[in-house]
Every structure is written in structure tokens, then in C-alpha cells.
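We count ligands from 1, going down the list as the structure has it; atoms in each ligand are counted the same way.
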Amino acid sequence: MNATLAISQQPIGEVSPLIYGGFLEHMGRSIYEGVYDPDSPLASQDGIRTDVVAALAELDITMVRYPGGNFVSGYHWRDGVGPREQRPTVEDQAWKCIETNHFGTDEFMALCRELDWQPMIAVNLGSGTPQEAREWLEYCNAASYSVPIWCLGNEMDGSWQIGHVPAAQYAERACQTAKLLKDADPSVETVACGSSDPIVKTYLEWDRTVLECLGDLADYISLHRYVGNRENDTASFLGVTNSIDQQIEDVDAVCRDVAARKQLKQRPFLCFDEWNVWYKSKEVGKMNGGGKFAQPIIEEVYNLEDALVVAGFLMSFMRHADVVKVANLAQLVNVIAPLLTKKNALLKQSIFYAFGMLSRRKGGTSLQTTVDGPSYQTELYGEVSFLDRAVTLLGDKLNLFLTNRSCNDALNLKVSTNLEIDSVASAEILHHEDPKAANSFANPNVVQAETFSAIEVGTSGVSLTLPPLSLVAATLNVAR
Ligand code: AHR
């Protein structure tokens, strides 16, 4: 197959580094036995897993959302601060895991400092009060933790959420909370809970009601999305990016509409604060800790096709760089995560490599592109181009992010641009002929990023050959 990618000089917007965020929730083995495990031979003096920290550093994450998720709607932050021996052990209401509270706000902030993450906190608007949220902010920001972004609850549109109420009632709660937070620290930004999935009945209605009530008190609206290949149809699954684009454009339209009608000082931006592939470990009944400590729940095993979809999410965020300003891969360790731990070992899953290939090329200006090439029809997402792509320009570096979604055919790609390309600075590929290929503790290197050499810079431009089922991230030197 042949295709051409034409890169225009027309900017879409600056790519916010915060789209390379992550998420740590008190759930299963994410915190305990994940980042914090004093019993592991690999733990530091403070109980933090040093191997996990080293791998997270490779992911080059910018901002991490904490402590939930559904967990936060039953969490009282005071339980997790002060001397460890005085912190209560409780059963968490969302996931029915035993919560020792040995890891709390201060431990999270220490981790943020170590990994150079900006912290992002979700407050409890399920069973908590606006005043409790304000006191958490005072605790954090007086201690110079400087938490810049605060989520006004989590998935409050969902009937499963502790304290779920109709949109108007949530909006009032969120309004009071945002006022208290911004009074205490005018520099903080707030994220209103938007729809938790496009399939919920109140999709977009919820978002409109909430944004109209919050007005200038909401800097962002949240989007969540978990996707999967339940039909075992790889070609269709890889086309899911069409519907991620659509979700972003739907929510953006609501933001623009409310901002215009309510004459807001600034339109709310999009905070995609939970996203990932998650379907294999979604059986109802297995999604709880059964009243035990650190149970392995929703430990999804990721394969090559999942990694291509993870890259597809990030490319969609880049294509909408003008409106998507924050995004958080959910989650980071053990729970639907790029990393899996055993007491004395760590596994990097396929999605670890996809995320890292893109995050290490963060920032810059996202440029408009046009693809002239073959496409295919899918059951679920209509017509899908074999080539998925995003392009950014950062100083004298042009970054190409490219996926060949064909299961069978290589794609010969010509890149056309007015920029004068000197040479290839670096290029990596993630690829396997089997879409279901996955890493395991026994066989950890089945799917991993490798140096990509099938790329040429010649007098007639840049050309490359993408094998079937492959992701390429390439950085090109631009002559100035
Ligand atoms: O990330 C797992 C869960 O998915 C989160 O707790 C919740 O917000 C979402 O439904």
C-alpha cells in the first residue's frame, strides 16, 4: 500500500505537556504492592519501590491525578495524614479493599517530588463536603505542595458513584466547592466532572447543565473513556480513534456553546483525566477486593493492538491540541497499567513502550496534516484510514507519530512538507505480526520499542515503510 502525508504549516495549537499525565488510585495493588511496598526487597527506606520509580521515570509523565477514581468519593483525606500508627484501617467503600492509610497525601507528594510530577488532586464530592475539600487544599498548598489542578469529584454522573446525584445537584455542590477552593488559593484551576462515557444516558446534557451552573468557576470539564476489543475484531478496534476524535469534538462543542451563551471570560478546556484500554478484566463481581488488603483487581494484560490504541488516544489529543489541555493515562501500576509488579520483579507491558515513545517527544506545535491513502470500512467506527497520525514541530525538530493499522500490508509513506528536512535525529518502532502478542514475567521482551531504520531523507523528501500493525515515532532535524 502507498500513502502520502502532507504536513501543512497551519498550526492546530500548542501541545500541552500535561496530556502526558497519569493516574494513581487507591485500588487493588496500585498503591500497596505497586508504588508502596515496604516488604519488598526492592523498596527504599520509605517503602517506595525503587524499580517502579525508575520505570515511571522512563515514561516521562508530567502530572499525576490522585487518589481516585471511585475511591475518592468515600475517602476522607485526614485518615491518610499524621503519624502512621495513628491512621485508621478501614474498608474502602468503592472497591471493598482494606485501606491501611499508610500511604496518603504526604507520601504522594514525596513521590511527585521524586519523579518531578505535578500533583493533581480529586476531592471527595460523594460523601465529603466542600469545606473538607477546602481544608485539604489548605493543608497541601500551605505546606508548599502547590497543587495546581483540583478535580471537583469523580464521575458524579454515574449511578455507581458514591453520592451520585442529578446534574443540577452535583453542579451546586461543585460550585460551592470551586468557590471555596479558589477563595483559599486564587491560582488553582478546577475540573468539573463531565460525562464518564459517551454511552451514558445523560451524555452532553450532564456536561451542559454542569458548565452552565459553574460558569467561570470551571477551568476544565473532564472526559473519561475506556475502550476494548470485545468483538475480537482487530481492524475495527484500531479504528476506535474515530470515536475518540468524535467524543472530544462533542464535548468541545458544548464548551463553546456554554461559553458563548453565558459570556464566560474564558471557555472551559478539556481534561481527559481517565483513558485507556480496559475490557479483558471487567467482569462484574470481580471488581472488588473482597474485604482484603492489596488484592489483584483489574490487572489487565496488554498486547500489541492495545498499545497501538493507546498511541491512538495520544495522537487524537495532539490533533485536538487547541482544546485538550490535560490527560491522564489510567492507571500507572498494576491496575489497568503499563507496569505490573511481583514482590521482587517488574514487568513493562506493551502500552509502556507506546506511551514512552510519544511522551519523550512531548510539546511543540501540533500541525494540520492531510492523508492521501487507502482506508477500510469497520463495523463500529465507519471508514478508517489505514494511517493514524499526528505531527508536531518543536524548534528545529519535526516529530512524526504514525500507525499502520493494516493487519496484513506494509504501508509505503511519502511525507510532503515545506520544511527542509536535514536528517533523522531518532526513530523508534513498536511492532509485532501478532496483534495479541504480549509481554509476561516469563517472556518480558516480546513487544518492545526498537530502533527504526526504514526511514530515508532524500532530495525528494522523507519516505518510510511501516510494517503491518506498527507504531513509529520519528524525530527529524529541520534545517533553519
Ligand atoms: O480507573 C478505574 C475506575 O474507572 C475509576 O475508579 C473510575 O473513575 C472509573 O470508572
Side-chain angles (χ1 to χ4, degrees), residues 21-32 34-35 61 63-75 91-97 99 108 120-128 149-164 170 174 191-203 206-207 210 220-228 247 271-289 294-302 306 309-310 313 326-340 349 351 355:
F23 174 39
L24 280 174
E25 175 166 11
H26 284 252
M27 175 179 187
R29 300 191 313 124
S30 164
I31 300 291
Y32 307 109
V35 290
I61 293 161
M63 173 170 258
V64 173
R65 180 170 178 253
Y66 174 84
N70 296 350
F71 170 83
V72 80
S73 300
Y75 179 62
E91 184 181 290
D92 100 70
Q93 292 171 39
W95 305 112
K96 317 289 178 216
C97 297
E99 174 56 63
F108 172 63
M120 174 178 182
I121 284 194
V123 300
N124 175 355
L125 288 196
S127 66
I149 299 187
W150 292 75
C151 304
L152 303 167
N154 175 71
E155 292 190 350
M156 293 301 296
D157 65 321
S159 54
W160 58 88
Q161 199 68 212
I162 298 163
H164 158 71
Y170 161 71
V191 184
C193 283
S195 294
S196 51
D197 193 289
I199 61 166
V200 293
K201 269 205 215 114
T202 52
Y203 182 52
W206 169 281
D207 306 69
V210 166
Y220 305 93
I221 184 94
S222 73
L223 293 81
H224 287 186
R225 187 73 181 273
Y226 293 103
V227 300
Q247 184 182 354
C271 174
F272 219 124
D273 58 18
E274 284 187 36
W275 67 268
N276 204 344
V277 174
W278 172 22
Y279 68 107
K280 306 177 201 92
S281 59
K282 222 170 184 178
E283 306 96 322
V284 179
K286 289 202 183 153
M287 270 197 285
N288 84 59
Q295 290 305 294
I297 48 177
I298 65 166
E299 299 203 354
E300 192 98 347
V301 172
Y302 289 107
D306 300 330
V309 168
V310 159
F313 267 100
V326 184
N328 306 74
L329 172 69
Q331 300 190 11
L332 292 178
V333 190
N334 289 328
V335 170
I336 44 174
L339 296 171
L340 290 174
Q349 300 219 62
I351 64 169
F355 188 94

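Side chains of Ile297 and Cys97 form a contact here, defined as non-hydrogen atoms less than 4.5 Å apart. Residues Asn70 and Gln161 form a side-chain contact, since some pair of their non-hydrogen atoms from C-beta on lies under 4.5 Å apart. Two residues are said to be in side-chain contact when any heavy atoms from C-beta on lie closer than 4.5 Å; Phe23 and Met120 fail this criterion.
Between the side chains of Trp95 and Gln295, no donor-acceptor pair of N or O atoms lies under 3.5 Å. Between the side chains of His224 and Asp273, at least one donor-acceptor pair of N or O atoms lies under 3.5 Å. Side-chain N/O atoms of Tyr66 and His26 include a donor and acceptor closer than 3.5 Å. Remark: the Asp207 side chain and the Ser195 side chain contain an N/O donor-acceptor pair separated by less than 3.5 Å.
The shortest N or O to N or O distance between Gln331 and ligand 1 is under 3.5 Å. Between Glu25 and ligand 1, at least one N/O pair is under 3.5 Å apart. Checking only distances, Trp278 never comes within under 3.5 Å of ligand 1, N or O to N or O. Residue-to-ligand polar distances keep Trp160 apart from ligand 1: every N/O pair is separated by 3.5 Å or more.
Nearest to atom 7 (C) of ligand 1 among the protein's heavy atoms is Asn70 OD1, 3.2 Å. Taking atom 8 (O) of ligand 1 as the reference point, the nearest protein heavy-atom neighbour is Glu274 OE2, 2.7 Å.
Remark: ligand 1 atoms within the under-4.0 Å shell around heavy atoms of Gly69 are 5 (C), 6 (O), 8 (O). The distance from ligand 1 to the heavy atoms of Glu155 drops below 4.0 Å at these ligand atoms: 7 (C), 8 (O), 9 (C), 10 (O).
No part of Val335 comes within 4.0 Å of ligand 1, judged by heavy-atom distances. Neither the backbone nor the side chain of Trp275 has a heavy atom within less than 4.0 Å of ligand 1.
Heavy atoms of Ile336 come nearer than 4.0 angstrom to ligand 1 in at least one pair. Under a 4.0 Å heavy-atom criterion, Tyr226 is in contact with ligand 1.
Side chain of Asp92 to backbone of Ala94: a donor-acceptor contact under 3.5 angstrom is found.
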